There are 2 protein chains.
Amino acid sequence: MKTKGRAPAPGRQEPLFLHQRILVEIQDKILSGQWPAGRRIPFEHELMKQYQCSRMTVSKVLTRLAQAGLIERRRKAGSFVRRPQSQSAVLDIPDVKTEVIARGLPYHHQILKRRKRRSSRAEGELFGKDGVVPVLEIECLHMAGKRPFCLEHRVINLLAVPEATNESFEEHSPGTWLLRQVPWTLAEHHIRAAAATPEMAAALQIKARSSCLIVERTTRSMDVTITFVRLAYPGDMHQLVASFTPIAAVPGAPPRRP
Amino acid sequence: MKTKGRAPAPGRQEPLFLHQRILVEIQDKILSGQWPAGRRIPFEHELMKQYQCSRMTVSKVLTRLAQAGLIERRRKAGSFVRRPQSQSAVLDIPDVKTEVIARGLPYHHQILKRRKRRSSRAEGELFGKDGVVPVLEIECLHMAGKRPFCLEHRVINLLAVPEATNESFEEHSPGTWLLRQVPWTLAEHHIRAAAATPEMAAALQIKARSSCLIVERTTRSMDVTITFVRLAYPGDMHQLVASFTPIAAVPGAPPRRP
DNA sequence: CAGTGGTCTAGACCACTTC
DNA sequence: AAGTGGTCTAGACCACTGA
């Protein structure tokens, strides 16, 4: 039981850390259905004996499984397999500029509308104040090369982001600007399909009533809404990709050079 | 430095575990922009001194931040703030039946088509074999009350799921059946808007060319594709909701009673 | 009230990477 | 070659909770 640097790898496979091995084995039993929902997972001290390791090691594994939603831990009772959850996919919703650049297309944007006003009643509710709040309303067209890529309609809470008042957004689009100005803390997305309104069709140079993918995002910090944005993409130009991988692996360090 | 049960909570707040406090403080510095992308995070031994705790504690916190994608860890160099990522939202994609029930509507489904055939060339590629594989092709209409809710077009790899061969899917829809038969391991979703084809329009009782939300999901296990499904929702009836919360908090155990 | 998980420690060895 | 993170240990105390 002395501490080891690498792998108790018994057979063929590449060196696997002990905690990875434990994680994978338990995960497999759950995902394969061998351990159905509700089934109790071995206690920590049982796993300690089984894998001949310290409690910290198995504890970290079980904690991870719990965070991933695969098991539920209850004091004094034990850990249990949760019933199959909805498939939780991780949706990467990039900044529009990033999105266009990633396609290798030249990006630019133009501000179609920009006006300061007071929020309407309904918006006031959204922005968490009973009364009205000053907001900045912006319409922005994102271009990929010469083709319209996305029409953005945005409302910014000027109480939350007073710096926006004098910002023209000519250099950086509202999304890009806000992303670096007010780092996101909490967001909710609604994704749907809708027929293009005459305004959308005109801006995006598509036929009226053709299909668009609408992504609406409300960004909040604490209890106050920072901004609301509606992004309209021509249906044939865009799709969201959401990938889903169980857990495991995930050393989680894709990029380079900070 | 003796071990404590609860909280070094200094001021007002509710008792906070040390690792939570460390996590929140670092996270705040990053999200607020105070520590910009590329900035080095204090070394583990520095944080140990700062918080007067053991290395394991700070290590777990940094590991968590790395898994969450907020920082990047590099041996010998240190840990660094990553540049703002795409907003990663967690998309819960439920079983269609669950979805309808959740709306308080009576659910039922009907199989419109069901035929066994060999995969086409293109599909063969999808299914990971060079040659063709036997597949089951199914069309299924999901109803919410008396209204069509979703049209499902599905292809099941019979090499991977031979049990499907003799399944009628009358009792359980293909999605529901598969979910319990072949627990998901890896999935990729593509979400887009499209105009209804004549077939879709007829089945869903909507006008041709009206907007639909299309969710396509490819489910794989190892390197073999289990099933491919295309779900078409009338655009005005459905929207996906993806929520995003940074990290922290997350003891992660919502439900009850296994 | 006994046993579970939740947290934390003060060490240790190792591998990798940059210097 | 030095220093970082990555893993692991063999303990500990505590809080919660189900029996």
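Here is the naming used below: chain letters follow the sequence lines, and residue numbers restart at 1 for every chain. It should be emphasised that the depicted structure is a prediction, and the values quoted were computed from it without experimental measurement.
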| Given atom CD1 of B:Ile71 and atom P of D:dT4, what is their separation to the nearest angstrom? | 15 Å
| Length of the CD-C1' vector between B:Gln67 and D:dT7, whole Å | 14 Å
| task | Between B:Met56 and B:Pro42, just flag the one whose closest nucleotide in DNA chain D comes earlier from the 5' side. | result | B:Pro42
| So, are A:Lys60 and A:Glu44 salt-bridged, with charged N and O less than 4.0 Å apart? | no
| query | NZ of B:Lys49 versus P of D:dT4: gap in Å, rounded? | reply | 11 Å
| Rounding to a whole Å, what distance do you find between B:Arg55:CZ and C:dT9:P? | 13 Å
| query | Within this structure, what is the CZ-to-P distance between B:Phe17 and D:dC13, rounded to whole angstrom? | reply | 17 Å
| field | Partner set under salt bridge (Lys or Arg N to Asp or Glu O under 4.0 Å) for B:Arg75, not counting sequence neighbours | value | none
| Step-by-step ring-ring contact (aromatic ring centres under 6.0 Å, His included) determination, B:His109 to B:Phe169 | CA-CA 9 Å; B:His109 73 277; B:Phe169 302 111; 8.7 Å; no
| Just to confirm, is there a sub-4.0 Å distance from OP1 or OP2 of C:dT9 to any side-chain nitrogen or oxygen of B:Thr57? | yes
| query | Could you give the CD1-to-P distance, from B:Ile41 to D:dG5, as a whole number of Å? | reply | 10 Å
| field | Salt bridge present between B:Glu72 and B:Arg40 (N-O < 4.0 angstrom) | value | no
| A:Glu99 and A:Arg103 ion-paired at < 4.0 Å | no
| Atom OH of B:Tyr51 to atom P of C:dT9: distance rounded to whole Å? | 13 Å
| B:Leu62 CG - D:dT7 C1' separation (whole Å) | 15 Å
Check the interface with nucleotides 2-4 of chain C: list each N/O to N/O pair with the protein under 3.5 Å, or write none.
none

| field | Listed partners of A:His189 passing side-chain hydrogen bond (donor to acceptor under 3.5 Å, both in side chains), at least two apart | value | A:Arg217
